[in-house]
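Encoded as structure tokens, the structure appears first; notes follow it.
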Protein chains: 4
Amino acid sequence: MTSSATPVSRAERKKQELRREIIDAAFDCFAERGYHATAIADIATRLGIGHGTFYRYFENKRDIVDHVITDLVDRVKVALTAENAPDAVSTLDDYRTQTARIGESLARIFHEDPRVPRMLLFEAAGIDKAMAERVLDFFDLATALTASYLTHGIELGYLRADLDVDNTASAITGMILASALSSLRKPEGEHQRKLSEAVRRLMYDGIAAQS
Amino acid sequence: MTSSATPVSRAERKKQELRREIIDAAFDCFAERGYHATAIADIATRLGIGHGTFYRYFENKRDIVDHVITDLVDRVKVALTAENAPDAVSTLDDYRTQTARIGESLARIFHEDPRVPRMLLFEAAGIDKAMAERVLDFFDLATALTASYLTHGIELGYLRADLDVDNTASAITGMILASALSSLRKPEGEHQRKLSEAVRRLMYDGIAAQS
Amino acid sequence: MTSSATPVSRAERKKQELRREIIDAAFDCFAERGYHATAIADIATRLGIGHGTFYRYFENKRDIVDHVITDLVDRVKVALTAENAPDAVSTLDDYRTQTARIGESLARIFHEDPRVPRMLLFEAAGIDKAMAERVLDFFDLATALTASYLTHGIELGYLRADLDVDNTASAITGMILASALSSLRKPEGEHQRKLSEAVRRLMYDGIAAQS
Amino acid sequence: MTSSATPVSRAERKKQELRREIIDAAFDCFAERGYHATAIADIATRLGIGHGTFYRYFENKRDIVDHVITDLVDRVKVALTAENAPDAVSTLDDYRTQTARIGESLARIFHEDPRVPRMLLFEAAGIDKAMAERVLDFFDLATALTASYLTHGIELGYLRADLDVDNTASAITGMILASALSSLRKPEGEHQRKLSEAVRRLMYDGIAAQS
DNA sequence: TATGAATGAGATTTCATTCAT
DNA sequence: CATGAATGAAATCTCATTCAT
């Protein structure tokens, strides 16, 4: 029942393994030195393989970076969505908890693998037009997800009915970006938690003194 | 009274003019095709000058992009600071107005020159480590400025005394980023204004329904 | 018994071969057209290889010329020293024979490969300060070697006890230079032999008429 | 009677002056940094003139170096020939004195202006084929001059009748070269004098112990 | 006449990609 | 299949020379 769908041979499995290692090594290089400063030979050397071998696994340099980004985006997507269906929330407190959980999850990813924010925020967009689009698409996705939460909250009445859903969602995505950015300079978990908390207080309590 | 301040010769003036044109053409190219995809010859061709001429005005490619970024950052800095001293504000309403004004000013820059957000958010950080630092420094500057507003507001009592100033400022910077980002896909002023308003409502009213 | 000493693969051997061919082609070019007038592409073209290939074997243009000079200097050093230990000589006649042998050996090198004197005397020193130093060092070496012969001869009593060893050695090196120079215009062996003989007569008999 | 031949105007004189200064500045640059490493702009800057001005005085870079070499060669020629007619010598002692005087004169030139040996021995020949020929021509000239002394000495009987005039002259030129070379590393007058003396002892006494 | 801004030929060097072994 | 030698397109940068001012 396990390997029924694709009866992979041992060789095939090895191949997939190396494929994955190449993606990871490329991720390392791109995040460390930048996409343009990374030569295919650098990636191969890091793995101890010949650089010709690279081309048996990926079309070209542009191909690998696409895979790197896909992987990275998938990981963040999972953090944003996993176990976190908008309709699982029914009160403001639930939502606040949910937000905290998502925030924490993101923070963990950024913290555990600093290549993620670096690549996503610094490297990807500068590669070419198409990649910049992918980055924007990803932000839009995050915004859409947030928007669905907001809409759900409005429907259930625990969020302001007059909320400008899309733009508020954009603003919230911006704060997530801020969190990712700050993880580049202050990667300690403590700091990330405080920032995350500040974001939530902003969202729920606003900044004004209680009149 | 005419040329008293700087008695520049006509030749000198022409030189400064071309220098500026080169910076501008470089800005065009970098924003359009990206830093790495832009050859010095592209910049020169765009101006109808020989590419050797470029090197009479700038050391090398890295030099020109530094100037482009400096210009760009200066422009945004002006929008963030001009006429906008934190201590000119003394009530929450003042602050909200102030925030609106700054937001509008930024929106105008992003809208009037779409190269600005594209360069700042997409191209700059991917150039090299040093430039990535400059970008982070710039975000830090914006955050520090916001923080000074917040501190001022706390002191005067119209902002929450228990505000986590620095992290809240970070979050607000993130929303400014969101605004810049959105201008890339939806550059119409109308949209920008709405996003700006949503940010302000988030800040002042929170998202929760009035209990 | 075959490849016991250095178990080089066929590929490795081919590589060394090409490396040597590149040095030789570079030597050709530098001697023919001069270092500065020679482009890397010229060297590559002469070998029928792509000019990118050059950079797989040598760091840069400066690197190759260093190797060319090292080769050349080694060749001349061998001629100056091989089988020619100062202490193998014990009479004036021996010394004269020795001198003749060294002179002949040098002449053969200059004659067999006219690139040698051309490169050493005309091209090398003009390349840069460091190379000029190498050339001077080489002359100093030749002078030191000659000096050791002279010292030996004084000790054994067949050379004048009041000889200014170092300066006399310098003068003799100068005459070797003259020989190298003359080989550029008059490369025939006959001429070289006569010049060599004239040098020896000068050294042993002086120029004055017998009183 | 003074300026009758060419009635030069003040302007003309100034022009000639600048022309000379350019040659001298070029000499400085070429000797210091080498011909290829010297840009026309370097020469102009050293004089505080615009580099366009250079081209009002000299055809091109090749032209100026030709003039530099001509000047240099003329200076050495003067030292070799001035007041030193072969037929003014009639005894071996006279000749030895004469030789000393020429040697001293050359040494003074090399010592007073170290650019001379550096340019002549290190830079000139590497410039191009034509210049290499000029250098060889110059050495030939020195050799021919020496040869005429030798011939004169043979005719008057104070030099060996069986002297191989041309090749002996070549050898002597070689020793002059040695002197020039040594002035590059040991420019002190004392050393030059000793070397010069060693050359003369070699020529007149040989190196052998008196039997 | 002096100047220096403009020019582009030309040289060096890198590196993604191919392909024979 | 893996390898890495070979390749050349393409980019950067320099500087001798011209020429308008």
Side-chain angles (χ1 to χ4, degrees), chain A residues 11 14-15 18 36-45 47-64, chain B residues 9-12 14-15 17-19 22 36-45 47-64, chain C residues 9-12 14-15 18-19 35-45 47-64, chain D residues 11 14-15 18 35-45 47-64:
Chain A
K14 271 233 156 175
K15 203 173 154 139
L18 179 50
H36 290 285
T38 296
I40 296 299
D42 294 332
I43 300 171
T45 302
L47 286 174
I49 63 172
H51 65 278
T53 309
F54 171 91
Y55 287 91
R56 307 207 139 272
Y57 291 81
F58 297 94
E59 284 291 304
N60 51 40
K61 196 177 172 182
R62 192 49 175 70
D63 186 26
I64 182 80
Chain B
S9 70
R10 212 171 76 83
E12 181 62 20
K14 269 220 155 182
K15 216 176 144 146
E17 207 175 301
L18 179 49
R19 194 184 153 81
I22 293 175
H36 291 285
T38 298
I40 297 301
D42 296 330
I43 300 171
T45 303
L47 286 173
I49 63 174
H51 65 280
T53 306
F54 171 89
Y55 288 93
R56 293 186 54 73
Y57 290 81
F58 297 93
E59 284 290 307
N60 49 40
K61 199 177 170 183
R62 195 49 176 65
D63 186 27
I64 182 83
Chain C
S9 69
R10 214 173 72 83
E12 180 63 20
K14 268 220 155 181
K15 217 175 142 146
L18 180 49
R19 194 185 153 81
Y35 175 75
H36 291 285
T38 297
I40 296 301
D42 295 331
I43 299 171
T45 302
L47 285 174
I49 64 174
H51 64 281
T53 306
F54 171 89
Y55 288 93
R56 292 186 54 73
Y57 291 82
F58 296 94
E59 284 290 306
N60 50 40
K61 198 177 169 183
R62 194 49 175 65
D63 187 25
I64 182 81
Chain D
K14 272 233 153 175
K15 205 172 153 140
L18 179 50
Y35 175 73
H36 290 284
T38 296
I40 296 298
D42 294 332
I43 300 171
T45 302
L47 285 175
I49 64 173
H51 65 279
T53 308
F54 171 90
Y55 286 90
R56 306 207 138 272
Y57 291 80
F58 296 94
E59 282 292 304
N60 50 40
K61 197 177 171 183
R62 193 49 176 69
D63 187 26
I64 182 80

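- Rounded to an integer number of Å, the gap from B:L18 CG to E:dA5 C1' is 9 Å.
- No contact: C:F58 has no heavy atom under 4.0 Å from any strand.
- Between B:Y57 and E:dA6, a side-chain N or O to OP1/OP2 separation shorter than 4.0 Å is present.
- A side-chain hydrogen bond (donor to acceptor under 3.5 Å, both in side chains) check over residues 51-61 of chain A, counting only residues at least two apart or in different chains, returns nothing.
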For DNA chain E, produce a single dot-bracket line, 5' to 3'. Pairs: Watson-Crick or G-U wobble, both distances under 3.5 Å. Symbols: ( ) within strand, [ ] crossing, | other strand, . unpaired.
-> .||||||||||||||||||||

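- Here the straight-line distance linking atom CZ of C:F54 with atom CG of C:D42 works out to 11.5 Å at 0.5 Å rounding.
- Among the heavy atoms of the strands, none lies under 4.0 Å from B:K14.
- Distance check: B:I43 CD1 to B:I49 CD1 gives 9.0 Å after rounding to the nearest 0.5 Å.
- Atom CD1 in D:I43 sits about 16 Å away from atom P in E:dG4, given to the nearest Å.
- Residue D:I64 holds its CD1 atom at 3.5 Å from CZ of D:F58, rounded to the nearest 0.5 Å.
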Can you give one letter per nucleotide of nucleotides 15-21 of chain F, 5' to 3': B if a protein heavy atom sits under 4.0 Å from the base, S if only from the sugar-phosphate, - if neither?
-> -SBB---

